[in-house]
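Written below as C-alpha cells is the structure these notes are about.
Numbering of ligands and ligand atoms starts at 1, following listing order.
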Amino acid sequence: MRARLYIAIICAGLILSGSCKRNETETDQSNLKADTMAAITKKSFGTTPEGKEVTEFTLTNKRGVSLSVINYGGIITRLLVPNRKGVLEDIVLGYDSLSGYVKDSPYFGAIVGRYGNRIANGKFTLDGKEYTLAQNNNGQHLHGGVKGFDKVFWNVEEAGANTLRLTYQSKDMEEGYPGNLSVEVTYALTDVNELKISYTATTDKKTIINLTQHSYFNLTGNAKRDILDHELTLYSDKFVPVTKVLIPTGELKDVSGSPFDFRTSTAIGARVNEKDQQLGFGRGYDHCWVLSSPDSMKHAASLYEPVSGRALDVYTTEPAIQFYCGNFLDGSITGKYNVVYSHRYGLCLETEHYPDSPNQKDFPSTELSPGEVYQTQTTYKFSTR
Ligand code: BGC
C-alpha cells in the first residue's frame with residue numbers, strides 16, 4: 001500500500017518535472033495547465049478558543065475546480081465548481097471563519113461519526129452489554145454525540161496528487177462508544193471533477209460505526225436562493241419511514257405513489273409541502289433511501305440545478321443515502337458571502353447505513369469487530385449540462 005503510494009508520488013514528481021513523455025498534443029496542453037494549477041496549498045484558518053491553530057488545505061484540479069478542507073472536523077469549507085458558462089462558484093454552505101464552525105454548526109461540511117444519524121434513546125447493546133450515548137437530539141443520539149468527529153482535530157497529510165489523508169484515533173468509550181478506533185478518511189479531487197471520499201477504520205474492541213460526510217449542497221453557486229428548484233433523482237425503490245422523533249419504525253416502504261418517489265428526476269419543491277405524515281415528521285425530506293447492491297459501487301443520486309446547469313452525481317458502496325433538504329435552516333445563520341441561510345438553502349446527500357441500525361436486527365449490520373476493516377467509498381461527480 002505504502003510502496004504503491006511512493007510510486008504514485010515519484011510518478012507525479014516526474015510528470016511535474018516534465019520527464020514523462022506524452023504523444024498527443026492535446027494531452028500535453030492539458031498537462032501544461034495541470035503544471036500551473038494542480039496543487040495543494042495550506043493556510044491558517046484561525047485559532048480555536050483553546051488556542052489550537054486550524055489549517056485550511058486547498059486542492060485545485062487542472063480545470064480549476066477546488067476543494068478546501070480544514071483539520072477541525074475534516075470540514076469541507078469550500079467547493080468551487082463551474083456553471084455551464086464555466087464560472088466557478090461555491091456549491092457548499094459554510095462559514096467564513098472558524099468561530100461559526102466551533103460555536104454552533106448544523107454539521108456544515110463535516111465528517112460525521114462514529115455514527116451518522118440517530119440511535120434511539122442513545123442506547124444499544126453489543127454482546128449482551130448495554131452502552132449509553134449522549135441524547136443530544138430530542139432524547140435521541142445524533143451524529144456521534146456532543147463532541148463527534150465533526151468537532152475533533154484530524155491529522156491531515158498529503159497523500160499523492162490532489163489527495164488528503166485525514167486520520168483520527170478515537171479513544172475507547174469516547175462519547176460512550178466502545179473500542180479504540182483508528183479512522184482514516186481520504187479526500188481526492190480528480191481532474192474529471194470528482195471528489196472521491198474513502199473511509200477506513202479498525203477497532204480493538206467490538207463496536208459500531210457509520211461514517212458519512214455532511215456537506216450541504218446548493219448548486220446555484222454561492223447559495224443564491226433555496227434548493228427547491230433543484231431536480232433530484234434517487235435510484236431507490238424504498239425508503240425508511242420514521243417516528244416523530246425521526247427513529248426508523250423498522251419497516252422499509254415502497255416509494256410508489258408517494259412524494260418519496262424520486263425514481264425520475266423531480267424538483268425537490270414539487271411535493272415537499274404535501275400533506276403526508278412522513279413529510280410532517282421530517283418537516284420535509286429527512287429520510288433514508290435504500291440502495292440496491294449493498295456493498296458495491298452504484299449510482300445513488302443525481303441532482304441538477306437548471307439555471308446554473310450544474311449537476312452532481314453520487315456513487316457509493318453504502319447501502320443507503322440520507323436525503324435531508326435543510327428543513328432546520330431558519331435564517332438564523334449568516335454564512336459565507338454574507339448569505340442568510342433561510343429555510344431549505346442547502347441539502348445533504350449523506351451516504352451511509354440506515355439510522356438506528358444497532359437496534360434494528362433486520363437492517364444491515366453496523367458492527368465492527370477487531371481484525372475486520374471498515375471500508376466504504378463515495379464519489380461526488382460534478383458536471384454541467
Ligand atoms: C439529519 C437531520 C439533522 C441534520 C443536522 C441530518 O443528517 O438527518 O435530521 O437535523 O442532519 O443538521
Side-chain angles (χ1 to χ4, degrees), residues 73-76 92-95 100-122 133-151 175 197 199 209-218 223 226-227 232 234 236 239-249 260 262 268 272 278-290 300-301 303 314 316 318-333 335 341-357 363 366 378 380:
I75 292 170
I76 294 178
V92 291
L93 304 192
Y95 295 100
Y101 291 109
V102 170
K103 268 192 230 141
D104 188 22
S105 171
Y107 304 90
F108 284 149
I111 296 172
V112 168
R114 290 191 191 187
Y115 199 96
N117 212 280
R118 292 175 178 78
I119 296 176
N121 306 312
L133 308 168
Q135 297 172 353
N136 56 332
N137 186 266
N138 281 326
Q140 318 305 314
H141 179 76
L142 177 69
H143 292 338
V146 176
K147 192 177 179 190
F149 290 177
D150 57 298
K151 293 182 193 73
E175 290 295 315
I197 308 179
Y199 306 83
I209 182 165
N210 187 27
L211 303 178
T212 192
Q213 222 296 329
H214 210 286
S215 283
Y216 285 65
F217 296 102
N218 183 323
D226 65 36
I227 50 74
L232 178 68
L234 293 171
S236 163
F239 77 104
V240 182
V242 289
T243 64
K244 60 174 184 292
V245 288
L246 304 183
I247 294 295
T249 60
F260 290 81
F262 279 96
I268 291 167
V272 71
Q278 283 299 312
L279 287 176
F281 287 166
R283 301 202 204 172
Y285 297 108
D286 190 358
H287 293 79
C288 178
W289 271 256
V290 174
L303 185 69
V314 185
T316 189
E318 289 279 24
I321 186 164
Q322 179 85 11
F323 162 45
Y324 166 60
C325 69
N327 308 309
F328 296 106
L329 296 176
D330 59 4
S332 57
I333 293 174
Y341 293 151
S342 301
H343 199 209
R344 299 181 178 146
Y345 253 54
L347 68 99
C348 303
L349 291 167
E350 303 154 61
T351 53
E352 58 196 6
H353 274 245
Y354 314 173
D356 198 34
S357 298
F363 288 180
T366 49
T378 294
Y380 293 97

Geometric N/O contact Pro106 with ligand 1, under 3.5 angstrom: yes

Heavy atom of the protein closest to atom 5 (C) of ligand 1 (residue, atom name, distance): Tyr107 CD1, 3.8 Å

Ligand 1-proximal atoms of Tyr216, by part, heavy-atom distance under 4.0 Å: side chain

Geometric class of the Trp289/Phe323 ring pair [parallel <30°, tilted 30-60°, perpendicular >60°]: tilted

Member of Tyr341, Phe217, Tyr345 meeting the ring pair (Phe, Tyr, Trp, His ring centres under 6.0 Å) criterion with Phe108: Tyr341

Ligand 1 N/O within reach of Arg118 N/O, cut-off under 3.5 Å: yes

Minimum-distance protein heavy atom relative to atom 10 (O) of ligand 1: Phe328 CD1, 3.2 Å

Shortest non-hydrogen separation from Ala120 to Asp356 and the atoms involved: N-OD1, 3.0 Å

Gln278 versus His287, side-chain donor and acceptor atoms under 3.5 Å: yes

Atom 6 (C) of ligand 1: nearest protein contact (heavy atom, Å): His214 NE2, 3.3 Å

Asn117, portion touching ligand 1 at heavy-atom distance under 4.0 Å: side chain

Donor-acceptor pair between Tyr380 and Ser215 side chains, under 3.5 angstrom: no

N/O donor-acceptor pair under 3.5 Å between His343 side chain and Asp330 backbone: no

Protein heavy atom at shortest distance from atom 9 (O) of ligand 1: Asp286 OD2, 2.4 Å

Trace of the side chain to side chain donor-acceptor pair (under 3.5 Å) decision for Arg344 with Asn327: CA-CA 5 Å; Arg344 299 181 178 146; Asn327 308 309; 3.0 Å; yes

Atoms in ligand 1 with a heavy atom of Glu350 nearer than 4.0 Å: 6 (C), 7 (O)

